[in-house]
Structure formats: structure tokens, C-alpha cells
K.L.:
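Here's a structure for you.
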2 protein chains.
Amino acid sequence: MLELDETPLRMTSQRKVIIDELRGLRTHPTADELFLRVRKKRPRISLSTVYRNLEQLAGCGLIQKLDLCGSQRRYDGDTAAHHHVRCLRCGRVDDIPSEAMGDLRKGVCKTCDYEIIGYRLEYLGFCPRCRKQVRRGKPVKPKPRKKG
Amino acid sequence: MLELDETPLRMTSQRKVIIDELRGLRTHPTADELFLRVRKKRPRISLSTVYRNLEQLAGCGLIQKLDLCGSQRRYDGDTAAHHHVRCLRCGRVDDIPSEAMGDLRKGVCKTCDYEIIGYRLEYLGFCPRCRKQVRRGKPVKPKPRKKG
DNA sequence: TTCAGGAATAGGAATCATTCTTAAAAAGGC
DNA sequence: GCCTTTTTAAGAATGATTCCTATTCCTGAA
Ligand SMILES: [Mn+2]
Ligand SMILES: [Mn+2]
Ligand SMILES: [Zn+2]
Ligand SMILES: [Zn+2]
């Protein structure tokens, strides 16, 4: 993993507080949850600074941006690959310890102590048309905009 | 599956066009993609009518609301449980035929013709605290709002 | 068939997470 | 300390979705 002093990023105090706070949490906070915490240490920080830094830190591989479902994105200070559980009632997100994976389906998960109701799975890849484009090195555009 | 004439919903012409159009598609459209199509048949329909009806039809189990990742929700006329593939380049979403599930990981998926790069998995359930609440019949609140 | 009351609609405003913009401040190399 | 580049704070803009409201449409009972 890239370390703090190897990044091309200047280490501002805001950046330091954001990454420290996130790495100290096991709660997979949203940007605004993190903002509320970080603000206690740097009361003048702005929400967009939090967003911008989370984006950049994730770009450098120092943190992980979670692309889960739900209306708000969550961030993870743990950059190892692992899966997550979300509580259907309160929205809390926890890690699934890797030993628990594989045969985990329903019932109570011994290692994470959740009552598992189901899971959501989405495969990602390239559709037949895009496979060709990608091989020819055409850039991957994220998503087009529409208008009424 | 609940049929059209068994719902508590009045069958308005807008509703009929929306459900017919969605069921005729295999593309998992977003609300506004569907709006663009439906508008060709009923030019005066509004986007909020499309949203409202998709919500209600999903509530009756006549269609499926897909809770995938990405910034826009998608809808599916097929109410059977199945999984999906999303193209990382163009955003297209297709079905994963059920025979292909289980051992599907990477490489080219024979049945769906995508080059599979990975998948996104999120388990859903109740956290230790909420398990108790849910058993006592306390209502499941979707998600609280915050303010700065 | 008519009609009253409930349900649904069109259109637009409101909401909310996220991204963008800009002028001013802070880092770091010298 | 000085200069160049990056970063910041603050707020505006964006875009998907939800909400609001006056009007129109259905439908069941008379
Ligand atoms: Mn995690
Ligand atoms: Mn489908
Ligand atoms: Zn919970
Ligand atoms: Zn594609």
C-alpha cells in the first residue's frame, strides 16, 4: 500500500486529519458523517474539502471508496479487499471477515453477528460491444448525461 | 405474481403504457429512459408520473425495483429473482442467466457474453442491536436525515 | 346514466448528495 | 523571505428523486 509520505499530495493538516480519522474508524462513514467528526478537530474545514480529499486519497490508494448501494457513498480506511454487511434497519455497514465468506448465505453469521437476510450481487465487466472498443484502447467513459 | 387486474391500483392509461413498455424491454431502464419512451405514446405524461407509477407497481410486486450501484435506479419488468451484469464502459445492465451463477467469477461468461472483471457483493441483514428491535415488532425506518 | 368522493395526473418546486467554481491562503523548493 | 503550485473555504450548480397542489379522471352506488 502506498504510504502517506510517498504520495504526490501535499500533506496539509486537513488531509492528515481526514485520513487519520477515517483510518481510526471501523464504521465506513459517509462523507458528511466524517465531516461532522473532522470538524471537531478543525472547525473551519468545509464539506467540499472532505469530499475532495476522500476522492484524492482513494485515487492514491490510501483509502477505499465503497461503491455499495444506498443513497450515500461510504468510505473505508481499510484498503484490503473484503466484503460488507449492511443493516436493513439502521443502515450500519460492517465488514464480513474473510473466513465467513464463501458459504455464507442465510441465518446468523457467526463471525459478524448479523442476522443475514440476503445479499446483493452485481457482476461487472464489458459487454460484447465494449469489449472490442476496450481492446483497441478506446477510453472508458463513465456515464453520459441526458436531458428531457 | 400479482396480476394487473388484482391490484388495488386503478388501471389508468398512463399506468398501462408504463408497465407494458417496461415489460417489453430487456434493458433495465432508468426512470428517465423509460420516460423518453413512454412519452412517444403519451406525449403529455410527466416524469413524476413515471416515478410514482414505478414505485407503486414495484410495491404491488408487478415489477422490480433494482437496487444496484450507480447513480441512477433501474427497473426490471421481470420479477423473478436473478442477478445482473453491468458494463463498466457503457453502463448497460443485462441479466445473468441462472445456470451461469454459482461458479461464475472471472473470464468470459459463456451464457451472457460479457467479459467479467469482477463483482460487487453486499450482504444484507440485521445488526446485533436491530435484531432485538425487529423481533419486538418495532418498525423498520429506512434512513434518517442529517443536517450540517 | 349520473354523480360524488377518492385516486391519479401534470407541472413544477423542493430536497439532498455530490461536483464545480473562484478568490484567497498555505506548502515547499529555492 | 520569495515564487510557483496546490489546496482550501464558501457557496453555487447539478442531477436524480421526491414532494406539493390544483385539476382531471375513475368507479361504484344511486
Ligand atoms: Mn470495510
Ligand atoms: Mn433483470
Ligand atoms: Zn441495525
Ligand atoms: Zn458496454
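What you see below is based on every heavy atom in this structure, not just the backbone, and it leaves out hydrogens, waters and symmetry mates. Chain A is the first sequence line, chain B the second, and so forth, proteins listed ahead of strands; every chain is numbered from 1.
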K.L.:
So does Arg10(A) get a side-chain nitrogen or oxygen closer than 4.0 Å to the phosphate oxygens (OP1/OP2) of dT8(D)?
P.N.:
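Looking at the OP1 and OP2 atoms of dT8(D), neither is under 4.0 Å from any side-chain N or O of Arg10(A).
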
K.L.:
Examine dA26(C): is either OP1 or OP2 under 4.0 Å from a nitrogen or oxygen in the side chain of Gln14(A)? Give yes or no.
P.N.:
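So the side chain of Gln14(A) is outside the cut-off, no N or O lying under 4.0 Å from OP1 or OP2 of dA26(C).
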
K.L.:
Quick one: OG on Ser48(B) to CD on Glu55(B), what's the gap to the nearest 0.5 Å?
P.N.:
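Going from the OG atom of Ser48(B) to the CD atom of Glu55(B) covers 13.0 Å.
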
K.L.:
Quick one: is Tyr51(A) getting a side-chain N or O under 4.0 Å of the dT19(C) phosphate, OP1 or OP2?
P.N.:
no

K.L.:
Quick one: is Arg74(B) getting a side-chain N or O under 4.0 Å of the dA16(D) phosphate, OP1 or OP2?
P.N.:
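So the side-chain polar atoms of Arg74(B) never come under 4.0 Å of the phosphate oxygens OP1 or OP2 of dA16(D).
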
K.L.:
Considering just the side-chain nitrogens and oxygens of Ser46(A), establish if one lies under 4.0 Å of OP1 or OP2 belonging to dT8(D).
P.N.:
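Checking dT8(D) against Ser46(A), no side-chain N or O comes under 4.0 Å of OP1 or OP2.
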
K.L.:
Which whole-number value in Å describes the distance from Leu34(A) CG to dT18(C) P?
P.N.:
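Rounding to the nearest Å, CG of Leu34(A) and P of dT18(C) are 12 Å apart.
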
K.L.:
Rounded to whole angstrom units, what separation is found between the CD atom of Gln72(A) and the C1' atom of dT19(C)?
P.N.:
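So the two atoms are 15 Å apart, to the nearest Å.
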
K.L.:
As a test of reading the structure: which of dT17(D), dT18(C), dT7(D) is closest to the side chain of Leu47(B), going by heavy atoms?
P.N.:
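Taking heavy atoms from C-beta onward, the closest nucleotide is dT17(D).
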
K.L.:
Can you tell me if the side-chain N/O atoms of Thr49(B) get under 4.0 Å from OP1 or OP2 in dA10(C)?
P.N.:
yes

K.L.:
For Thr12(A), report the nucleic acid contact type (base, sugar-phosphate, nothing); a contact means any heavy atom under 4.0 Å.
P.N.:
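Sugar-phosphate contact only.
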
K.L.:
May I have the distance from Leu9(A) (atom CG) to dT5(D) (atom P), rounded to whole angstrom?
P.N.:
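For the pair Leu9(A) CG and dT5(D) P, the rounded distance is 17 Å.
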
K.L.:
Within the structure shown, what part of the strands sits under 4.0 Å from Arg52(A) by heavy-atom distance: base, sugar-phosphate, or nothing?
P.N.:
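Counting heavy atoms under 4.0 Å across all strands, the contact made by Arg52(A) includes a base.
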
K.L.:
Could you pull out the closest heavy-atom pair between Cys112(B) and Asp95(B), with the gap in Å?
P.N.:
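Nearest heavy atoms, Cys112(B) then Asp95(B): CB-O, 4.1 Å.
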
K.L.:
For the pair made of CD in Glu33(A) and P in dC16(C), what is the distance, rounded to whole Å?
P.N.:
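Roughly 15 Å, once rounded to whole Å.
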
K.L.:
Please check the phosphate of dT6(D) (OP1 and OP2 only) for any side-chain N or O of Arg15(A) closer than 4.0 Å.
P.N.:
no

K.L.:
For Arg44(A) and dA10(D), what is the distance between atoms CZ and P respectively, to the nearest whole Å?
P.N.:
4 Å

K.L.:
Parallel, tilted or perpendicular: which one describes the rings of Tyr119(A) and Tyr123(B), with boundaries at 30° and 60°?
P.N.:
tilted

K.L.:
Toward the 5' end of DNA chain D, which comes first, Ser48(B) or Ile45(A), by nearest nucleotide?
P.N.:
Ile45(A)

K.L.:
Nearest-Å distance, CD (Gln56(B)) to P (dA8(C))?
P.N.:
6 Å

K.L.:
Whole angstroms only, please: what is the CZ-P distance between Arg42(B) and dA10(C)?
P.N.:
7 Å

K.L.:
Rounded to whole Å, how long is the line connecting atom CG of Asp67(A) with atom C1' of dA17(C)?
P.N.:
14 Å

K.L.:
Look at the rings of His84(B) and His28(B) and say which category their plane angle falls in: under 30° parallel, 30 to 60° tilted, over 60° perpendicular.
P.N.:
perpendicular

K.L.:
In Å, rounded to the nearest 0.5 Å, how long is the span from CD1 of Ile18(A) to NZ of Lys41(A)?
P.N.:
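Separation between the atoms: 11.5 Å.
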
